[in-house]
Amino acid sequence: MKKKFSTFIIAIVLSSGSYAMQRQIEPAENWLKNTTDVINLQLTKAAETYHPGKNPRSVNPDGTVRVVGLKDWTTGFFPGSLWYGYELTGNKTLADQAKKFTLALDSIRYIKDTHDLGFMLYCSYGNAYRITGDKSYLPALSEGAKNLAARFDPKVGAIRSWDFGKWQYPVIIDNMMNLEYLYWAGKQFNEQNYIKAASSHAITTLKNHFRKDFSSFHVIDYNPENGSVVRKATHQGLTDESAWARGQAWGLYGYTMCYANTKDARFLTQAQNIAKFIMNHPKTPKDKIPVWDYDVHNALDTEERAPRDASAAAVIASALLELSTQVNDGKKYVDYAEDILKSLSSDAYLAKPGENGLFILKHSTGAMLYNSEIDTAIDYADYYYLEALKRYKMIKKI
Ligand code: GLY
């Protein structure tokens, strides 16, 4: 018995030692090389296959691809992916294609009925300007930011997210993602009110969207007359009280970017607390790709059978990598993001070249309870995965 026990201990020590060694001796270049090849092939073929202004959004259950026009909230992600693809691979053809797919979105700048202008314009035109410095991209960014800022109401202290539905003044956690655009535009176009609106939105959201454990509600409906909270609810989560996975990811990313732009300590604390909720969640699967809602296993299904959301994982990885650069003890965030990126870069999630509707990642979930985009490829998963890879390579100096 004694012998068996000591053999057992030796086996554990050896296997944990070899795990540690493996982490050190398996250079990131190994898994990144295959990933970069797949990214190059998928994006090159996708840009040849799809048409500017009719961008690929997701793969339908019958294997066909859902393409979307200018009004769709996700339409900026494909051009943005082409820009990141260019940065990751150095393939100039991707930059030429990125330009065409970006310019086709010009009239988005006139849209006034949604908060999604950040996703639509900053991911496309924002990356175009960041990478090329070409000032001809600025008018669309300027007009779009003006329209986004106009959705801020000082009585509520927040930007109105949607104009549809039976809400009085709905604000969704996703809206945190569009503040980075306002911070950038405020500085670029010298509009202090954009910066004030973004910070006010973040403070109002901090007060009302979060629970004691730093998970967040999806939608807060406000009384537009006095800014009081009418209802705390969900739109895409399992229940009003549950932690919808992508919502937690949007919150983490949003507060990380608010801190990066303002250095307001309240935003850093919030980002770190959300990171703790995500990273310590007991039900996170071993590969660190969350199920579409953190509470789903309690109510609907077991973790193994419930669909994952690779898009939430990609957003979390990108946010944690950025957060790691804002703090002194960032290694834990880099390690967690690295684990996610390795999972997403494995055969379980990474497409085979020429398959998956020419998207890069499999296994995202859009809106489970609406039976929409379940366990499939979705454009925003690819976008944040590419962004995370770029951040990872910069941090690791690869
Ligand atoms: N912003 C909508 C979503 O995350 O599905």
Side-chain angles (χ1 to χ4, degrees), residues 55-60 66 68 70-78 80-81 108 111 113-124 148 151 158-165 167 170-182 201 205 209 215-221 233-240 242-257 274 278 289-294 296 307-319 359 361 363-385 387-388:
N55 294 349
R57 168 169 165 154
S58 57
V59 174
N60 294 315
R66 177 180 177 191
V68 288
L70 303 191
K71 290 200 159 183
D72 188 86
W73 77 272
T74 77
T75 206
F77 293 120
F78 183 64
S81 290
I108 289 174
I111 293 178
D113 62 358
T114 178
H115 73 108
D116 286 322
L117 290 163
F119 287 123
M120 296 156 95
L121 286 172
Y122 199 54
C123 298
S124 54
L148 177 57
R151 295 181 64 78
I159 293 160
R160 184 183 175 118
S161 300
W162 299 326
D163 286 0
F164 62 84
W167 312 95
V171 178
I172 62 175
I173 190 69
D174 323 30
N175 206 146
M176 287 298 302
M177 294 297 288
N178 295 316
L179 304 184
E180 186 187 355
Y181 178 29
L182 282 187
H201 183 101
T205 299
H209 259 82
S215 68
S216 53
F217 290 90
H218 186 194
V219 191
I220 303 296
D221 197 18
T234 196
H235 179 63
Q236 276 157 275
L238 179 66
T239 66
D240 288 348
S242 73
W244 174 48
R246 201 162 51 257
Q248 312 317 302
W250 292 147
L252 171 65
Y253 191 116
Y255 281 100
T256 299
M257 297 321 295
I274 303 168
I278 291 172
I289 312 302
V291 163
W292 67 278
D293 187 300
Y294 283 98
V296 79
R308 302 295 185 86
D309 184 8
S311 77
V315 174
I316 290 167
S318 188
F359 291 92
L361 292 181
H363 305 307
S364 292
T365 295
M368 179 73 181
L369 299 187
Y370 295 88
N371 203 20
S372 171
E373 299 177 322
I374 298 169
D375 195 8
T376 192
I378 307 184
D379 52 2
Y380 42 86
D382 287 5
Y383 177 86
Y384 289 103
Y385 172 63
E387 183 182 78

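Numbering of ligands and ligand atoms starts at 1, following listing order. Values below: every heavy atom of this structure, side chains too, minus hydrogens, waters and symmetry copies.
Between atom OG1 of residue Thr239 and atom CZ of residue Phe217 there is a gap of 9.0 Å, rounded to the nearest 0.5 Å. Taking OH of Tyr253 as the reference point, atom CD1 of Ile173 lies at 14.5 Å (rounded to 0.5 Å). Here the OG atom belonging to Ser364 is positioned 9.5 Å from the CD1 atom belonging to Ile289, to the nearest 0.5 angstrom.
Every N/O-N/O distance between Trp244 and ligand 1 stays at or above 3.5 Å. Checked against a 3.5 angstrom limit, the closest N/O atoms of Arg246 and ligand 1 fall inside it.
Close contacts of ligand 1 with Trp250, meaning ligand atoms under 4.0 Å from a residue heavy atom, involve 4 (O). Of all atoms in ligand 1, listed by their number and element, those nearer than 4.0 Å to a heavy atom of Asp174 are 1 (N), 2 (C), 3 (C), 4 (O).
A donor-acceptor pair shorter than 3.5 Å can be found between the side chains of Asn175 and Ser161.
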